[in-house]
There are 2 protein chains.
Amino acid sequence: MAEAGRPNPNFMNGVPELLILRLLLEREMYGYQLVRAIRGATGEAIALGEGVIYPALHALEADGALASRRETVAGRTRVYYRVTTGGRRRLGRITKDYSRITGAIRDVLRGPPSEKPAF
Amino acid sequence: MAEAGRPNPNFMNGVPELLILRLLLEREMYGYQLVRAIRGATGEAIALGEGVIYPALHALEADGALASRRETVAGRTRVYYRVTTGGRRRLGRITKDYSRITGAIRDVLRGPPSEKPAF
DNA sequence: GACAATACCTATCAGTTCGATGTATGATAC
DNA sequence: GTATCATACATCGAACTGATAGGTATTGTC
């Protein structure tokens with residue numbers, strides 16, 4: 001049962017996918033770069049390792065949501081990913097779902113109008 | 001990889017716990033009642049079955065976050081749960097964690113100031 | 001020459017949640 | 001009167017994520 005304090009103990013489902021698609025929408029990136037971009041964009045609140053990102057990128061590409069391009073820079077191979085049209089649709093869907101659910105949770109956390117806020 | 005459309009495909013971790021504690025803070029409830037309260041409070045956005053709620057209640061009680069009281073009404077036994085002092089602390093912690101992370105995600109979804117909103 | 005950082009990758013483990021199933025009672029419909 | 005549904009509890013196994021840990025290879029630094 002999720003202990004608080006650790007960087008991010010499980011927490012959410014589909015969020016890695018959501019963050020990846022949203023960040024790649026702005027500009028194409030390669031995996032290793034994405035790993036740090038997520039740390040950076042969330043102010044360390046969310047830290048997804050390479051073991052999460054790479055498989056997710058592969059799956060998204062296999063699903064046609066991402067397309068990739070290889071480039072070798074200073075002897076290192078980078079695989080740049082960009083969002084496809086299908087990926088944009090997918091991002092739209094999951095963003096809507098995500099907002100719907102977190103919105104519902106927020107309402108519950110706020111509590112009924114009568115009650116003075118719990119926090 | 002989380003298919004959209006189903007009632008609530010996995011989605012989050014610790015959210016059942018969060019909702020349970022928050023709703024029980026307002027008034028004590030029994031398990032079956034909670035199942036419907038969650039459906040109701042989230043406008044069907046989140047529907048947690050009994051297979052989620054009962055084990056969660058047992059675990060929270062075992063952890064000292066909830067206390068229970070049995071009552072028989074019209075031949076049916078109800079187990080009412082209320083939040084303990086420790087449970088209130090716990091709710092405070094996980095609410096803060098939750099807000100921190102969803103806040104970070106919201107920032108990412110909003111995108112950089114320069115960019116026009118994606119949706 | 002060792003070590004850290006970059007850059008890719010995969011396999012396994014652990015934790016959650018979902019779905020199915022089971023028991024039992026009371027109320028309702030036929 | 002009996003079949004069915006809603007109430008109310010409970011547990012187990014399956015499925016899915018995501019976290020951890022490991023593995024390769026190159027470049028740059030001390």
Side-chain angles (χ1 to χ4, degrees), chain A residues 1-20 28-39 42 46-63 66 68-81 94 98 101 105, chain B residues 1-20 28-39 42 46-63 66 68-81 94 98 101 105:
Chain A
M1 189 143 302
E3 191 58 56
R6 272 174 296 156
N8 51 318
N10 271 350
F11 193 64
M12 286 202 184
N13 269 22
V15 166
E17 181 185 331
L18 184 60
L19 294 176
I20 289 170
E28 69 169 9
M29 285 194 258
Y30 54 96
Y32 193 77
Q33 184 182 11
L34 243 181
V35 170
R36 287 172 308 178
I38 290 174
R39 278 176 173 276
T42 63
I46 300 174
L48 302 174
E50 299 165 54
V52 173
I53 297 303
Y54 287 122
L57 288 172
H58 300 333
L60 284 169
E61 183 172 28
D63 282 8
L66 295 179
S68 68
R69 161 179 82 78
R70 322 191 120 254
E71 188 178 325
T72 299
V73 176
R76 288 190 191 87
T77 303
R78 295 173 175 177
V79 185
Y80 281 90
Y81 292 91
I94 64 179
Y98 174 85
I101 305 214
I105 296 171
Chain B
M1 186 143 305
E3 190 58 54
R6 272 174 295 157
N8 51 318
N10 273 349
F11 192 63
M12 285 202 184
N13 270 22
V15 166
E17 181 184 331
L18 184 60
L19 295 176
I20 288 169
E28 69 170 9
M29 285 194 260
Y30 55 96
Y32 193 75
Q33 184 182 13
L34 243 180
V35 169
R36 286 172 309 176
I38 290 174
R39 277 176 173 277
T42 63
I46 300 174
L48 302 175
E50 303 169 48
V52 173
I53 297 302
Y54 288 123
L57 288 173
H58 300 333
L60 284 168
E61 183 173 27
D63 282 9
L66 295 179
S68 69
R69 163 179 81 79
R70 321 191 122 255
E71 189 178 326
T72 299
V73 177
R76 288 190 191 87
T77 303
R78 295 174 174 175
V79 185
Y80 282 90
Y81 292 91
I94 63 180
Y98 175 85
I101 306 214
I105 296 170

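Just so it is clear: chains get the letters A, B, ... in the order the sequence lines come, proteins before strands, and each one is counted from 1.
- Atom-to-atom, CG of B:Leu18 to C1' of C:dT16 comes out at 15 Å; the value is rounded to the nearest Å.
- Proximity note for A:Arg70 (side chain, C-beta onward) versus C:dC9, C:dC18, C:dA5: the nearest is C:dC9.
- Under the 30°/60° scheme for interplanar angles, the aromatic rings of A:His58 and A:Tyr81 are found to be tilted.
- At distances below 3.5 Å, at least one donor-acceptor pair connects side-chain atoms of A:Thr42 with backbone N or O atoms of A:Ile46.
- Put simply, CD on A:Gln33 is 18 Å from P on C:dA5, counting in whole angstrom units.
- Using a 4.5 Å heavy-atom cutoff, the side chains of B:Leu57 and B:Leu66 are in contact.
- Listed pair B:Tyr32 / D:dC9 fails the phosphate criterion, with no side-chain N or O lying under 4.0 Å from OP1 or OP2.
- Look at CD on B:Glu71: it is 13 Å from C1' on D:dA8, rounded to the nearest Å.
- B:Arg39 has its CZ atom 12 Å from the P atom of C:dC18, to the nearest Å.
- When the side-chain nitrogen and oxygen atoms of A:Tyr30 are compared with OP1 and OP2 of C:dC8, none of them lie within a distance under 4.0 Å.
- When the nucleotides D:dC9, D:dA10, C:dC8 are ranked by their closest atom to the side chain of B:Tyr81, D:dA10 comes out on top.
- Residue B:His58 contributes atom NE2, which lies 4 Å from atom P of D:dA10 at whole-angstrom precision.
- Side-chain proximity of A:Val52 to C:dA7, D:dC9, D:dG18: nearest is D:dG18.
- A straight line from CZ of B:Arg69 to P of D:dC9 spans 12 Å, rounded to a whole angstrom.
- When the nearest nucleotides of DNA chain C are assigned to B:Arg76 and A:Arg76 by heavy-atom distance, the more 5′-ward of the two goes with A:Arg76.
- Relative to the side chain of A:Tyr54, the nucleotides C:dC8, D:dC9, C:dT17 differ in distance, and C:dC8 lies closest.
- In this structure the side chain of B:Val15 never reaches within 4.5 angstrom of the side chain of A:Ile101, judged on heavy atoms.
- At whole-Å resolution of the value, CD1 in A:Ile94 and P in D:dT17 are 12 Å apart.
- Checking C:dC8, D:dT7, D:dG18 against every side-chain atom of B:Arg36, the shortest atom distance belongs to D:dT7.
- Remark: C1' of C:dG15 and CD of B:Glu17 are 13 Å apart, rounded to the nearest angstrom.
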